[in-house]
Structure formats: C-alpha cells, structure tokens
Amino acid sequence: MLGTFGVWGSHYEWAGKLGEIAELEALGYGTFWIGGSPDVALVGQALDATKSITIATGVVNVWQSEPEAVAAEFHRLASDRFLLGVGVGHPQLDQAYEKPYDKLVSYLDRLDVPADRLVLAALGPKVLKLAADRTAGAHPYLVPVEHTAEARKVLGDKLLAPEVTVVVEEDAEVARAIAREKLSFYFSLTNYTNNWQRYGFTEEDVQGSDRLIDALVAHGSPDQVAAKLRAHVDAGADHVAVQSLNGHYAELADALGLRR
C-alpha cells in the first residue's frame, strides 16, 4: 500500500501545489504524507490529483481536530488510498487540560476508523506500544536509525513508517546549516529532545550539534542520501517518508531505483 519510499511534505508548503504530487507518483514514490497538522479535506484534493499513490496524514492533531469530524471525512472519501495518521502534535504548544497519552487514548476511543487504516505518531515506547495494540502501526518523526531499530522491537510485525529528513548537498557544512535552520523549531520541544536523549545525545547536542544533525538528517550526494535512507529499512522500517529540505526528489528517485 505504501511502497518502500514516499515523500513527506508540510501542508503549509504543499497546499497550493497538490497537483505536483502526481509528479512524485510518476517518479515511483508510493505515498505522499501531508504533514504539519493538516486539514483532512486536503486529502481529498490530493486523491483527486493522483491515480495510484497512497495519501497519508502525518499527522492530524488530536488537539485541533475532533475525532467524529475526522472519521466522517474518512468515510466520506471512502478511498483505499487514504491512510490516516494521528498524533498529539507538540504538547507544549497544544496541550490543554489532559495529559497527551490520555488524550490520545480517549481520541482513539471516539475515532470510528478501521484500525488497519490508522497509524499513530509515536516516539517513546509507551505510545509505540499503543500504536501496536490499537492501530496498523507507527509514523515516527525526526528520529535516528537507532530509534527505528528499537521501534521495530516494540511494534512486532506492525507497520513502521518513519519520516526521515534529508538535504541533497555534498558540502557537509552547508547541509548542516540548512538542516539546523529548518529544524531549530524542534530544539525546544521536550517530546523531541527527550527522545533524542534516550539515544545518548546530551543536553548540548539537542540544541543542534553536528552530531545530532548527522544522526537525524541524511545529507550528501543522492547516492549517499539513498544509502542512509536504506539504513532505516535495514533497521526495520517498512516504509520511509522522505522530507527533502532542498528538493531533488527526481535525483533521489533514481538513486533509490524507483523510476518505473
């Protein structure tokens, strides 16, 4: 359903150019993930613009979208090319009066969507286990390959589809600068910084050290980036959602052997 490689794009950047998803489809990418707490209505527009590529949300924010409305839109679309991803977003920004995990559980209780068409944004072991128990699997964001290996152990045979950020640039310093600027938003969000520290990164690292950037972001030539993407597959990912910070999706498709 998803293919081994897909593309992740923020709805802020892609809402006005959903027709370009058809170009990614032609390149051989199996899934397009509409990211950044999207409105589910965008899924319908993306489905209309394409023929075979799966359209997924990465992810619908449980603090911002009521489950009944999301389920109604899911069933209205009635497409076997739609995979619904939901998550708690950034609790420091979105949390109201309910703990994130409890909010996620109560949301799933009210969300009338088949479990095999649903995935959770998951970083820590508790939410990964919830994803394994109640959905088709997990869609982690901004994680090192070590996380992919650990997530596979928790999920068992459930779907594992991490997002992986890339910069197609052979000058490492230039690539790191591009990544650091784009990812700076996440360096103050504890759900991410705490997760990185589980994998041995220090408090200084999680503010954007070269070591952190190199672990989170695949950069280099298209072939070098492709090798780093395949490392997640080798570690247990079923699908990798590629978010390129500087384009070059055609070159990456060639390096990944996707062209039909």
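Residues: numbered from 1 along the sequence shown. Quantities reported herein were computed from a predicted structural model and do not represent experimental measurements.
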Is there a donor-acceptor pair under 3.5 Å between the side chain of [X] and the backbone N or O of [Y]?
X      : Y      : answer
His11  : Gly36  : yes
Asn195 : Asn191 : no
Arg110 : Pro67  : no
Thr57  : Leu84  : no
Asp238 : Leu160 : yes
Asp171 : Val174 : yes
Arg152 : Lys158 : yes
Ser10  : Tyr12  : yes
Ser65  : Val60  : no

The single option from Tyr249, Trp8, Trp14 passing ring pair (Phe, Tyr, Trp, His ring centres under 6.0 Å) against Phe32: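 Running ring pair (Phe, Tyr, Trp, His ring centres under 6.0 Å) over Tyr249, Trp8, Trp14 with Phe32 returns exactly one hit, Trp14.
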For a salt bridge (charged side-chain N to carboxylate O under 4.0 Å, His left out) check, start with the C-alpha distance between Arg134 and Asp109, then their side-chain angles and the critical distance, and finish with the verdict. CA-CA 10 Å; Arg134 299 196 55 178; Asp109 289 342; 2.9 Å; yes
Show every donor-acceptor pair shorter than 3.5 Å between a side-chain atom in residues 136-146 and any protein atom, with sequence neighbours excluded, or say none if there are none.
{"unit_1": "His139", "atom_1": "ND1", "unit_2": "Ala161", "atom_2": "O", "d": "2.6"}
{"unit_1": "Tyr141", "atom_1": "OH", "unit_2": "Tyr186", "atom_2": "OH", "d": "3.2"}
{"unit_1": "Tyr141", "atom_1": "OH", "unit_2": "Gln243", "atom_2": "NE2", "d": "3.1"}

Smallest separation among heavy atoms of [X] and [Y], with atom names:
X      : Y      : answer
Phe74  : Pro114 : CE2-CD, 3.7 Å
Ala122 : Leu128 : CB-CD2, 3.6 Å
Thr148 : Ala237 : CG2-N, 3.7 Å
Leu104 : Gly87  : CD1-CA, 4.4 Å
Val119 : Thr135 : CA-OG1, 4.0 Å
Glu73  : Arg76  : OE2-NH2, 2.7 Å

Measuring from [X]:[atom1] to [Y]:[atom2], what's the distance to the nearest 0.5 Å?
X      : Y      : atom1 : atom2 : result
Arg81  : Leu2   : CZ    : CG    : 13.0 Å
Tyr107 : Trp63  : OH    : CH2   : 11.5 Å
Met1   : Leu159 : CE    : CG    : 9.0 Å
Thr193 : Trp196 : OG1   : CH2   : 7.0 Å
Asp205 : Ile213 : CG    : CD1   : 10.0 Å
Ser79  : Arg117 : OG    : CZ    : 7.0 Å

Could you walk me through whether Arg230 and Val240 pass side chain to side chain contact (heavy atoms under 4.5 Å, CB included), step by step? CA-CA 8 Å; Arg230 291 191 187 97; Val240 175; over 6 Å; no
Co-membership, hydrophobic cluster, residues [X] and [Y], 4.5 Å side-chain:
X      : Y      : result
Leu118 : Val154 : no
Val217 : Leu212 : yes
Val233 : Leu155 : no
Leu256 : Leu27  : yes
Val88  : Val59  : no

Could you walk me through whether Asn246 and His248 satisfy the side chain to side chain contact (heavy atoms under 4.5 Å, CB included) test, starting with their C-alpha distance in whole Å, then the side-chain angles of each, then the deciding distance to 0.1 Å, before giving a yes or no? CA-CA 7 Å; Asn246 62 344; His248 300 282; 3.9 Å; yes
What ring-ring contact (aromatic ring centres under 6.0 Å, His included) pairs are there with at least one residue in residues 142-179, not counting sequence neighbours?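 Only His147-Tyr199 qualify under ring-ring contact (aromatic ring centres under 6.0 Å, His included).
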Could you please spell out the steps behind the side chain to side chain contact (heavy atoms under 4.5 Å, CB included) verdict for Val166 and Leu229? CA-CA 9 Å; Val166 313; Leu229 294 172; 3.8 Å; yes
Any chance CD of Glu173 has more than 12 other-residue heavy atoms, nucleotides or ligands included, within less than 6.0 Å?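 Enclosed.
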Mark yes when over 12 heavy atoms from residues, nucleotides or ligands other than Gln197 sit less than 6.0 Å from its CD; otherwise mark no.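 Yes, because the 6.0 Å sphere around CD of Gln197 holds more than 12 heavy atoms from other groups.
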For salt bridge (charged side-chain N to carboxylate O under 4.0 Å, His left out), just list the numbers for Asp223 and Lys228, CA-CA rounded to whole Å, side-chain angles, deciding distance to a tenth of an Å, and then say yes or no. CA-CA 9 Å; Asp223 286 339; Lys228 294 174 183 178; over 6 Å; no
Do Glu163 and Thr165 have a side chain donor and acceptor closer than 3.5 Å?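 Yes, Thr165 and Glu163 have a side-chain donor paired with an acceptor closer than 3.5 Å.
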Distance-only polar pair, side chains of Arg211 and Thr202, donor-acceptor under 3.5 Å: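 No, no side-chain donor-acceptor contact under 3.5 Å.
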Evaluate Leu83 against Thr31 for side chain to side chain contact (heavy atoms under 4.5 Å, CB included), listing each step before the verdict. CA-CA 9 Å; Leu83 178 68; Thr31 300; over 6 Å; no
Assess whether side-chain hydrogen bond (donor to acceptor under 3.5 Å, both in side chains) is satisfied between His239 and Trp33, documenting all intermediate values. CA-CA 12 Å; His239 170 87; Trp33 295 80; 3.1 Å; yes
Starting from the C-alpha separation in whole Å, work towards a yes-or-no answer on salt bridge (charged side-chain N to carboxylate O under 4.0 Å, His left out) for Glu25 and Lys51. CA-CA 8 Å; Glu25 180 178 58; Lys51 296 179 180 179; over 6 Å; no
Non-hydrogen side-chain atoms of Leu108 and Leu120 separated by less than 4.5 Å: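 Sidechains of Leu120 and Leu108: in contact.
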Heavy-atom side-chain contact between Glu68 and Asp112 under 4.5 Å: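 With C-beta onward as the side chain, the pair stays apart.
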Looking at Asp210 and Arg180, does any basic side-chain N land under 4.0 Å from a carboxylate oxygen?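 So Asp210 pairs with Arg180 through a salt bridge.
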Between Arg198 and Glu150, is a salt bridge (charged side-chain N to carboxylate O under 4.0 Å, His left out) present by the stated rule, with each step listed? CA-CA 11 Å; Arg198 291 188 185 107; Glu150 288 300 313; over 6 Å; no
